[in-house]
Amino acid sequence: MRTTTPIEELDLYVWEGKADIVERVARCMASLDVEVIRADDTPVNPQRLAARASIAVVSVSAIDTSALVLRDWQATHGMPVIWVGAAPRDNDPAMYPAEYSYILPLDFTCAELRGLVSKLVLQLRAHSAQTAGADALVAESEPMRALMREIETFADCDTSVLVHGETGTGKERIAELLHRKHSRYGGGPFVAVNCGAIPDGLFESLFFGHAKGSFTGAALAHKGYFEQADGGTLFLDEIGDLPLYQQVKLLRVLEDGTVTRIGSATPMKVDFRLVAATNRQLPNLVKEGSFRADLYYRLAVIELIVPSLEERGAIDKIALFKAFIATVVGAERLDGLPELPYWLADSVAAMRFPGNVRELRNLAERIGVTVRQTGTWDATRLRRLLAGALGAQASAPADSALQPVVDRSKWDMAERSRLLAALDQNGWRRKDTAQFLGISRKVLWEKIRKYQIFDEEPETRESE
Ligand SMILES: Nc1ncnc2c1ncn2[C@@H]1O[C@H](COP(=O)(O)OP(=O)(O)OP(=O)(O)O)[C@@H](O)[C@H]1O
Ligand SMILES: [Mg+2]
């Protein structure tokens, strides 16, 4: 009988050194859906590595051969490693990072090898399910779909991209998507740097790296961000915060494609795709003289605008809310629960999130934890959480122009009571209530939002 692996398309890369194990591994795996690849003399193809589940089987005799630049390789690829012929006492954590390392004796049996491989395959599968869930990019609303279509249009064109959007809208997620799915650099590293958080005086060292012994304390050579991103994508977040003198240096690297480490005289070629993001209006900064025009034009070859959550509307708010709840509660447990209650979805749709997806995510995760603990959509507790979130919004300092300042003294309490009564009388069904009051559903929604109604009603009104 043909046994299938839990992961389809598993690759086993074997570095055999002097140990002659490729044939043996291939024989042990013959009945499984596994590709055994001799890796000693074939460079690993990064595209393939990114697309398929992979495990390395490495004979310790291959260490220090030129084919195996160990630490770089592990750091970049992070595939689990089965060391063959290593004794546990050889398990030097610097050499074999524990989270990736497993050990087999040189005279391993097929059962031992297969047992270990299936265990790792299960781990890989759990990990990829987790990241796929967390990774799924919600884009149901028309503005987000339009953005996705735009991204498709620029697929495989490797020019610089400037991603623009309010805080928390998902600019970094878009950058990752461009990298992973729409770039020939997708198999390489994704190096994200927050330009607003670079300590003074460290720019050169962080971006350009330094040669061994180039200054006191520089015992080891160090790769800067440009070199780390070689073959992949360099994501420069908050690019508008980069001081002018650093902008010049960045521009120079973009123009001649080389970097020179501090303390070294040898320029090195680097090849990466640049994606930058900002929530500021760069053209204004250019006018003010705090952002170089030449750098702006260089970055904004393609400009993408990520819509705010308010522009995306209820459809995305609810889809995101459900997705975040599912990651906390777990899809299986969630299946055992009743549907997301109407009042909860409705409340989330009516809320404003000045911090965009990030803020909605925080709320959803807090709610998810409660749902996981109680095993129900416990209306009393969840309403309290919603009320808390609204209270926090209302009392947050009005430093953001988008922050809705809730001033309850301006509320028309009589209107609010009428609304509550009408909702009550109509079983909290929005459609019926709107009809009853002779207003449109949209106006009703606005009023509910304005008066933060789900904030304060008594629990007895719960319909769920
Ligand atoms: N479309 C989406 N689908 C699922 N999760 C998303 C989506 N957009 C954003 N997120 C999540 O929202 C949070 C904020 O996203 P991200 O960090 O990409 O925003 P940002 O625009 O870069 O924020 P900032 O302006 O603060 O740098 C992250 O946890 C991210 O995973
Ligand atoms: Mg960001």
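Side chains are part of it too, since the values below use all heavy atoms of this structure and drop only hydrogens, waters and symmetry mates. Start at 1 and go down the list; that is how both ligands and their atoms are numbered.
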N-O pairing of [X] and [Y] below 4.0 Å:
X      : Y      : result
Lys171 : Glu166 : no
Glu446 : Arg449 : yes
Glu255 : Arg252 : no
Glu310 : Lys317 : yes
Lys223 : Asp230 : no
Glu204 : Arg261 : no

With sequence neighbours left out, write down each residue that passes salt bridge (charged side-chain N to carboxylate O under 4.0 Å, His left out) with Arg298, or none if nothing qualifies. none
Counting heavy atoms only, which part of [X] comes closer than 4.0 Å to ligand 1: side chain, backbone, both or neither?
X      : result
Arg312 : side chain
Leu320 : side chain
Asp237 : side chain

Quick one: do the Glu150 and Thr153 side chains pair a donor with an acceptor below 3.5 Å? no
Which of the atoms in ligand 1, numbered in the order shown and given with their element, are less than 4.0 Å from a heavy-atom of [X]?
X      : answer
Glu238 : 27 (O)
Gly170 : 8 (N), 9 (C), 15 (O), 16 (P), 18 (O), 19 (O), 20 (P), 21 (O)
Thr167 : 24 (P), 25 (O), 26 (O)

Taking both backbone and side-chain atoms of [X], is any N or O found less than 3.5 Å from an N or O belonging to ligand 1?
X      : answer
Val138 : yes
Asn279 : no
Gly168 : yes

For atom 5 (N) of ligand 1, the option (of Glu172, Glu365, Glu166, Arg173) bearing the nearest heavy atom: Arg173
Pick from Arg361, His164, Arg358, Met148: the one approaching atom 28 (C) of ligand 1 most closely through a non-hydrogen atom: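 That would be Arg361.
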Any heavy atom of Glu176 sitting closer than 4.0 Å to ligand 1?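 Per 4.0 Å heavy-atom rule, Glu176 does not contact ligand 1.
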Shell of protein N/O/S atoms around the Mg ion (ligand 2), taken as anything under 2.8 Å: Asp237 OD2
Tell me, do Leu254 and Phe272 make a side-chain contact under 4.5 Å, heavy atoms counted? yes
Within-4.5 Å side-chain heavy-atom neighbours: Val57 and Trp83: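 No, side chains not in contact.
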So Phe190 and Phe235, would you call those rings parallel, tilted or perpendicular, with 30° and 60° as cut-offs? parallel
When the ring planes of Phe207 and Tyr225 are compared, do they come out parallel, tilted or perpendicular, using 30° and 60° as the limits?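 Phe207 vs Tyr225 ring planes: perpendicular.
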